[in-house]
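Data block below; observations after.
Note that this is a predicted model, so its numbers are computed, not measured. Numbers here are sequence positions counted from 1.
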Amino acid sequence: MQGRYDVKKWFDVLLNLVFGGICLFLLWILAQVFVFASFRIPSDSMSPELKEGDFVLVWKPLVGARLFNLHKSLNLEQTEIYRIPGFRKIRRNDVVVFNFPHPNDWSHIEMHILKYYIKRCIGLPGDTLSIHGGIFHIAGVASPLGNLASQKRIGQMKAEDFPQEVFQSFPYDSLLNWNIKNFGPLYIPKAGSEVKMDRTGWVLYHKQIEWEQGKDLIFRGSSVLLNDSVITTYRFRKNYYFVAGDRGENSQDSRYWGLLPEEYIVGVASRIWKSVDQYTDKVRWDRVWKAIE
């Protein structure tokens, strides 16, 4: 009788442990979806603010957590993404973590839940951005944008000092001939804003329009066709951002692949919660819990 009681007692303990473990796992998943996420910095493209081996914390309620079909996104299928209202909007100079919109190639936009980039927000929806002598400018905005030291270094370099693939920039068009020293002006679309659809409009925005519409946008002769219909203007459905790395000499960012859809932004990186030197495997204690500026 006593033995049977002991078996039942241990069975109840085991059952409670399993139940408690499942609850903790579910709480962890919910926290990852709605509260926070951690990302490791893999390169020096955000140097000196972020170093290789830094682990950054994204506090999701700040700009709102996202809800979407995980299964579809893992299969690179287009899926609707919904954002829960946050405490504030994304601001210029915020450091943002996002799903890279070109996980396979730069010709079209697609979602991949497992590929993340981290860059600094330079331009917001509705901004008009240009680069003069390597320096970022937003029309009507006087405050500094991004890492000025890096931008000044780029401005002082000659075209021949850069590898060709580094100097030439989006949209890689022979008539516009933009590069990382002289770029734009580029209007950053805001939901509801309208742009003219001519050759320049097609060159600058065809990826975003095809992503929004799920249709081909073609320039033929002197006309722009959305599938088989000629369009002369286009009204955007989504918001977009322009992002760049702090180490502009070595950063694959909006200067090269174009505009970032708002829905792909995971959130704003707020702090470095851990930092490990990649060469010595030692913790860099001076960087632990450092605020990201």
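- When all heavy atoms of Phe219 and Asp198 are compared, the closest pair comes out as CE1-C, 4.2 Å.
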_side chain to side chain contact (heavy atoms under 4.5 Å, CB included) for His102 and Asp105? Distances and angles first, verdict last._
CA-CA 5 Å; His102 304 291; Asp105 63 69; 6.0 Å; no
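- In this structure a side-chain-to-backbone donor-acceptor pair under 3.5 Å is missing from Ser130 to Pro185.
- A side-chain donor from one of Glu212 and Tyr234 sits under 3.5 Å from a side-chain acceptor of the other.
- What you find for Asp246 and Asn147 is that their closest heavy atoms are O-ND2, 3.0 Å.
- Here CG of Asp161 is found 12.0 Å from CD1 of Ile154. Values are rounded to the nearest 0.5 Å.
- Summarising the geometry, atom CG belonging to Leu217 is positioned 15.0 Å from atom CH2 belonging to Trp211; distances are rounded to the nearest 0.5 Å.
- A donor-acceptor pair is defined here as one N or O able to donate and one able to accept, closer than 3.5 Å; no such pair exists between the side chain of Ser251 and the backbone of Met46.
- Here the shortest heavy-atom pairing between Asn179 and Phe167 reads CB-O, 3.1 Å.
- For the pair Phe170 and Leu204, the tightest heavy-atom approach, listed with the atom from each and the gap, is CZ-O, 3.4 Å.
- We find that Arg199 and Asp173 are joined by a salt bridge, their nearest charged nitrogen and carboxylate oxygen being less than 4.0 Å apart.
- Note: the hydrophobic cluster containing Ile41 also contains Leu114 (ILVMFWY, side chain heavy atoms under 4.5 Å, direct or indirect links).
- Surrounding CZ of Arg91 are at most 12 heavy atoms belonging to other residues, nucleotides or ligands under 6.0 Å away.
- For Asp44 and Lys51, the salt-bridge test fails: no basic side-chain N is under 4.0 Å from an acidic carboxylate O.
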*Might you work through the side chain to side chain contact (heavy atoms under 4.5 Å, CB included) test for Val266 and Arg66, ending with a clear yes or no?*
CA-CA 7 Å; Val266 178; Arg66 302 176 304 166; 3.4 Å; yes
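- Residues Ile109 and Tyr172 are members of one and the same hydrophobic cluster, defined by side-chain heavy-atom contacts under 4.5 angstrom among Ile, Leu, Val, Met, Phe, Trp and Tyr.
- Once rounded to the nearest 0.5 Å, the distance linking NZ of Lys181 with CD of Gln156 reads 9.0 Å.
- Using the six-membered ring where Trp is involved, Trp257 and Tyr117 have ring planes that are perpendicular, over 60° apart on the 30 and 60° scheme.
- The shortest side-chain heavy-atom distance between Thr128 and Ile188 does not fall under the 4.5 Å cut-off.
- Among all heavy-atom pairs drawn from Ser150 and Glu249, the shortest one is OG-OE1, 2.8 Å.
- Placement of Val141 and Phe136 within a single hydrophobic cluster is found when ILVMFWY residues are connected by side-chain heavy-atom separations under 4.5 Å, directly or transitively.
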*Let me see the working for Asn93 and Glu293 under side chain to side chain contact (heavy atoms under 4.5 Å, CB included), right down to the final yes or no.*
CA-CA 8 Å; Asn93 284 323; Glu293 299 176 351; over 6 Å; no
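- Within 6.0 Å of CG on Asp228 lie no more than 12 heavy atoms contributed by other residues, nucleotides or ligands.
- Arg271 places a side-chain N or O within 3.5 Å of a backbone atom of Trp289 that can act as its donor or acceptor partner.
- Using bins of under 30°, 30° to 60° and over 60° for the plane-to-plane angle, the ring pair Phe236/Tyr240 lands in the perpendicular bin.
- Checked by atom type and distance alone, the side chain of Arg83 pairs as donor or acceptor with a backbone atom of Gly64 at under 3.5 Å.
- The closest donor-acceptor contact from the side chain of Asp216 to the backbone of Asn227 lies at 3.5 Å or more, if one exists at all.
- Considering only heavy atoms from C-beta on, Val58 stays 4.5 Å or farther from Val268 through its side chain.
- To the nearest 0.5 Å, atom CD1 of residue Ile265 and atom CZ of residue Phe98 are 8.0 Å apart.
- With hydrogens and angles ignored, the 3.5 Å screen pairs a side-chain donor or acceptor of Tyr264 with a backbone N or O of Met111.
- Salt bridge annotation for Glu263-Lys238: present, with a cationic side-chain nitrogen under 4.0 angstrom from a carboxylate oxygen.
- Under 4.0 Å is where a charged nitrogen must lie from a carboxylate oxygen, and between Asp94 and Arg88 at least one such pair does.
- Checked for salt-bridge contact, Arg284 and Asp286 miss the test: no charged N lies under 4.0 Å from a carboxylate O.
- Neither Leu148 nor Leu129 shares a network with the other; the hydrophobic side chains, linked directly or stepwise wherever heavy atoms of I, L, V, M, F, W or Y lie under 4.5 Å apart, form separate groups for each.
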*Stepwise ring pair (Phe, Tyr, Trp, His ring centres under 6.0 Å) test for Phe183 and Trp178*: CA-CA 5 Å; Phe183 180 106; Trp178 292 0; 4.6 Å; yes
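- A cation-pi arrangement is found for Lys274 relative to Phe55, the charged atom lying closer than 6.0 Å to the ring centre and inside a 45° cone about the ring normal.
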*Check step by step if side chain to side chain contact (heavy atoms under 4.5 Å, CB included) holds for Arg287 and Asp54.*
CA-CA 8 Å; Arg287 299 186 62 77; Asp54 285 346; 2.7 Å; yes
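- No side-chain N or O of Ser254 forms a donor-acceptor pair with one of Tyr241 less than 3.5 Å apart.
- Under a hydrophobic-cluster definition in which Ile, Leu, Val, Met, Phe, Trp and Tyr are linked whenever side-chain heavy atoms come within less than 4.5 Å, directly or via other members, Leu176 and Ile131 are assigned to the same cluster.
- The shortest side-chain heavy-atom distance between Glu210 and Gln208 does not fall under the 4.5 Å cut-off.
- Here the OG atom belonging to Ser229 is positioned 9.0 Å from the CD1 atom belonging to Ile231, to the nearest 0.5 angstrom.
- Here the NZ atom belonging to Lys115 is positioned 14.0 Å from the CD1 atom belonging to Ile113, to the nearest 0.5 angstrom.
- Within a 6.0 Å sphere centred on NZ of Lys290, other residues, nucleotides and ligands contribute more than 12 heavy atoms.
- Look at Asp253 and Lys119 and you find no salt bridge, because none of the NZ, NE, NH1 or NH2 atoms lies under 4.0 Å from a carboxylate O.
- The minimum heavy-atom distance linking Gly126 with Lys190 is given by the pair N-CB, 3.7 Å.
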